[in-house]
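What you see is a predicted model; the values in this text were computed from it and never measured. Because only heavy atoms are used, hydrogens play no part in the values below, and waters and symmetry mates are left out as well, while side chains stay in.
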Amino acid sequence: QLARVGHDRAAIFLQSVNVIRNINYLALCIKTEVQRAAASGVAASRLQRRRIAECGMQILLALLPYSDPQWRHEALAGEDC
């Protein structure tokens with residue numbers, strides 16, 4: 001039974017690490033898209049960068065484990081990102 005508990009803890013830890021990696025990957029994708037918009041040289045680039053960052057942060061907030069359902073609702077209440 002002790003081995004089972006140890007195995008379960010290891011599995012939970014591994015899933016936690018995977019969640020953190022996925023959140024980090026999404027944050028890097030948001031950063032990359034903001035930088036790509038900045039490099040485009042478009043006149044509305046600042047507004048576009050802000051919009052990309054806002055949508056990305058909304059998605060991150062909505063995906064956070066154990067986030068309050070009301071927060072998820074408020075994060076996604078605007079436009080569909």
Side-chain angles (χ1 to χ4, degrees):
Q1 190 173 8
L2 270 175
R4 175 82 175 151
V5 170
H7 177 73
D8 290 346
R9 286 184 181 174
I12 291 169
F13 178 76
L14 182 59
Q15 287 302 317
S16 298
V17 169
N18 287 336
V19 167
I20 292 168
R21 284 180 179 162
N22 289 338
I23 290 170
N24 184 54
Y25 177 75
L26 185 53
L28 289 174
C29 289
I30 295 165
K31 178 183 172 185
T32 300
E33 289 305 315
V34 169
Q35 289 173 340
R36 186 177 305 188
S40 70
V42 177
S45 179
R46 183 174 183 183
L47 182 60
Q48 185 181 13
R49 288 191 319 259
R50 181 183 172 119
R51 182 71 182 128
I52 292 168
E54 285 176 353
C55 282
M57 293 299 113
Q58 286 177 336
I59 292 168
L60 270 175
L61 180 60
L63 293 176
L64 283 175
Y66 306 112
S67 63
D68 185 271
Q70 181 63 31
W71 291 356
R72 284 195 306 265
H73 175 73
E74 289 174 5
L76 298 174
E79 294 180 33
D80 184 17
C81 291

Please round to the nearest 0.5 Å and tell me the distance separating atom CG of Leu14 and atom CZ of Arg9. 16.0 Å

Which residue is it: Ile23, Ile30, Asn24? I am looking for the one with a side-chain contact (heavy atoms from CB on, under 4.5 Å) to Leu26. Ile30

Nearest-0.5 Å distance that lies between atom CD in Glu33 and atom CZ in Arg51: 14.0 Å

Using a 4.5 Å cut-off on heavy atoms from C-beta on, say whether the side chain of Val17 contacts that of Arg21. yes

Does any non-hydrogen side-chain atom of Arg49 lie less than 4.5 Å from one of Ser45? yes

